[in-house]
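Everything on this sheet refers to the single structure shown next.
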Amino acid sequence: MNKLIRMKRIIAFTVFVIVMITSAKSQTIIGKFDGPSSFEKVYLYQYALLDHKFISVDSSLVRNGKYEFNFIEGEEPSQSKLRLKDERGLFLWTHEIDLFLTGDSILVVSADSFNNARVLNSATNYEYAFLNEMLQPAQQYYNSIIGKIVKEEKGIPADIMSSKEYIQFSIKRRKDAKKGIYKRYEDFIKENPSSWISLYALKKRMGDMDIPLALAQDLIGILDDRLKQSPSGLNMATRLDNQHKLQIGLPAPAIRLPNANGK
């Protein structure tokens with residue numbers, strides 16, 4: 001009798017797994033090189049939220065200039081990269097495609113490499129391209145200021161560069177140069193509260209650790225509820241809550257640490 005019950009449970013669990021797998025929405029990345037290409041494989045990387053880094057998840061052989069990836073749609077669009085290797089088997093870090101795995105079947109078109117590649121047939125990736133277009137002038141300005149600072153500092157005596165006054169001056173210049181980038185992230189979020197790319201933009205804005213707490217709270221408050229309740233949205237809300245608890249003037253949160261005797 002016990003064996004029969006166990007067998008029924010196993011069958012029920014197997015059916016449940018099959019239903020879950022078949023009901024999950026399978027999506028596709030279809031890529032093609034318009035011109036002749038020497039690359040044999042394309043590699044797919046996804047951003048791991050818990051590890052805070054990109055990890056390799058799949059590879060696809062290039063046949064007649066075409067390659068394909070199949071993936072299961074997740075709770076939220078997954079920030080990902082397509083990468084290539086050279087003839088020595090080393091990744092070409094300057095030849096990457098940034099994209100988000102979404103509910104769309106994505107088309108990637110490029111020439112003979114990933115330079116000037118286009119990600120098509122995906123509303124989320126179109127929004128990502130639009131954000132990058134918004135950022136471009138501010139990013140170019142920031143890069144020019146940083147290049148100028150680096151060039152100037154080659155002729156400044158070491159004792160001056162290490163002084164408190166110069167360090168504060170240098171930090172202020174860098175922060176000021178980045179204000180344009182900050183504003184574009186903030187503008188995109190305000191204008192696109194229902195876009196998954198706004199969640200990405202908020203993550204980038206908060207990642208600089210130079211955002212006032214009140215502003216971060218306002219920006220996350222703008223987002224649609226489905227974005228707030230996503231894994232990334234909940235993660236950012238937790239970060240903001242922890243940051244709020246550590247503000248000067250508020251009671252310090254309780255901590256639990258071993259004493260000198262290990263208790």
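None of these values were measured; they are calculated from a predicted model. Only this structure's heavy atoms are used, side chains among them; waters, hydrogens and symmetry mates stay out.
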Pairs of donor and acceptor atoms involving the side chains of residues 126-135, under 3.5 Å and at least two apart or interchain, shall be tabulated with distances.
residue, atom, partner, partner atom, Å
Y126, OH, N121, N, 2.8
E127, OE1, S195, OG, 2.6
N132, ND2, Y128, O, 3.4

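In this structure the side chain of H95 reaches within 4.5 angstrom of the side chain of N115, judged on heavy atoms. Proximity of L99 to I29: side-chain heavy atoms (C-beta onward) are separated by under 4.5 Å at one or more points. The closest side-chain heavy-atom distance from M236 to K203 is below 4.5 Å. Considering only heavy atoms from C-beta on, L199 comes within 4.5 Å of S230 through its side chain. Proximity of F91 to L84: side-chain heavy atoms (C-beta onward) are nowhere separated by under 4.5 Å. L202 places none of its side-chain heavy atoms less than 4.5 Å from the side chain of Y185. For the pair W196 and L227, the minimum side-chain heavy-atom distance is below 4.5 Å. The closest side-chain heavy-atom distance from V108 to L120 is not below 4.5 Å.
For the residue pair S80 and S78, the shortest heavy atom distance occurs at OG-O, 3.0 Å. Counting all heavy atoms, side chain and backbone alike, K228 lies closest to G221 at NZ-O, 3.2 Å. Closest non-hydrogen pair, D112 versus F39, comes out as O-CE1, 3.4 Å. Between R83 and W93, the shortest heavy-atom contact is CZ-CZ3, 3.1 Å. Nearest approach of G103 to Q27, heavy atoms of both residues: O-OE1, 2.8 Å.
Transitive grouping of hydrophobic side chains (ILVMFWY, heavy atoms separated by less than 4.5 Å) keeps L223 and Y182 in distinct clusters. Under the 4.5 Å side-chain heavy-atom criterion for grouping Ile, Leu, Val, Met, Phe, Trp and Tyr, L82 is not connected to Y200 through any hydrophobic cluster. V150 and M161 end up in different hydrophobic clusters when Ile, Leu, Val, Met, Phe, Trp and Tyr side chains are linked at under 4.5 Å. A chain of hydrophobic side-chain contacts below 4.5 Å, direct or via other Ile, Leu, Val, Met, Phe, Trp or Tyr residues, connects I97 to V42. Hydrophobic clustering (side-chain heavy atoms under 4.5 Å, transitive across Ile, Leu, Val, Met, Phe, Trp, Tyr) groups F114 together with F69.
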- Task: Apply side-chain contact (heavy atoms from CB on, under 4.5 Å) to I181 and Q139, showing your working.
- Result: CA-CA 6 Å; I181 296 175; Q139 188 67 57; 3.5 Å; yes

- Task: Kindly determine whether S232 and E76 satisfy side chain to side chain donor-acceptor pair (under 3.5 Å), including the steps that lead there.
- Result: CA-CA 8 Å; S232 292; E76 62 182 87; 2.7 Å; yes

- Message: Could you go through Y43 and K41, starting from their C-alpha distance and side-chain angles, then the distance that decides it, and tell me whether this counts as side-chain contact (heavy atoms from CB on, under 4.5 Å)?
- Response: CA-CA 7 Å; Y43 299 84; K41 271 187 177 183; 3.6 Å; yes

- Task: Could you walk me through whether F100 and S122 pass the side-chain contact (heavy atoms from CB on, under 4.5 Å) test, one step at a time?
- Result: CA-CA 9 Å; F100 287 79; S122 167; over 6 Å; no

- Give the intermediate values and the outcome of side-chain contact (heavy atoms from CB on, under 4.5 Å) for residues I106 and I30. CA-CA 6 Å; I106 300 166; I30 298 174; over 6 Å; no

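Geometrically, K81 does not engage Y45 in a cation-pi contact, judged by NZ or CZ lying under 6.0 Å from the ring centre and within 45° of the ring axis. Because its NZ or CZ atom is not both nearer than 6.0 Å to the ring centre of Y47 and within 45° of the ring axis, K53 does not count as a cation-pi partner of that residue.
Note on E153 versus K148: no salt bridge recorded, every NZ/NE/NH1/NH2 to OD/OE distance being 4.0 Å or above. The pair R184-D187 does not count as a salt bridge, with every side-chain nitrogen at least 4.0 angstrom from each carboxylate oxygen.
E68 and T28 are not linked by any side-chain donor-acceptor pair at a separation below 3.5 angstrom, with hydrogens and angles left out of the test. Side chain to side chain, R174 and S170 meet the donor-acceptor criterion of an N or O pair below 3.5 Å.
Separating the CG atom in D159 from the CD1 atom in I156 is a distance of 11.0 Å, to the nearest 0.5 Å. With rounding to the nearest 0.5 Å, the separation of NZ in K178 from CD1 in I145 is 14.0 Å. Rounded to the nearest 0.5 angstrom, S38 OG and E87 CD are separated by 7.5 Å. Atoms CG and CG, from L101 and L44 in turn, are 6.0 Å apart once rounded to the nearest 0.5 Å.
Using a distance-only test at 3.5 Å, with no hydrogens or angles considered, a donor-acceptor pair links the side chain of N259 to the main chain of N261. Under the 3.5 Å distance criterion, the side-chain polar atoms of D86 are matched with a main-chain donor or acceptor of G89. A donor-acceptor pair under 3.5 Å is absent between the side-chain atoms of D176 and the main chain of K172, judged by distance alone.
Counting heavy-atom neighbours within 6.0 Å of N116 CG, excluding the residue itself, gives a total of 12 or less. The environment of N64 atom CG is sparse: at most 12 non-hydrogen atoms of other residues, nucleotides or ligands sit within 6.0 angstrom. At most 12 heavy atoms of other shown residues, nucleotides or ligands fall within 6.0 angstrom of atom NZ in K32.
M206 pairs in a side-chain contact (heavy atoms from CB on, under 4.5 Å) with only one of the listed residues (L215, L240, I220), which is L240.
Other residues sharing the hydrophobic cluster of L234, ordered by chain and number and joined by side-chain separations under 4.5 Å: none, the residue standing alone.
When ring centroids are compared, Y166 and F169 come within the 6.0 Å threshold.
Here I222 pairs with K190, P193, L219 under the side-chain contact (heavy atoms from CB on, under 4.5 Å) rule; sequence neighbours left out.
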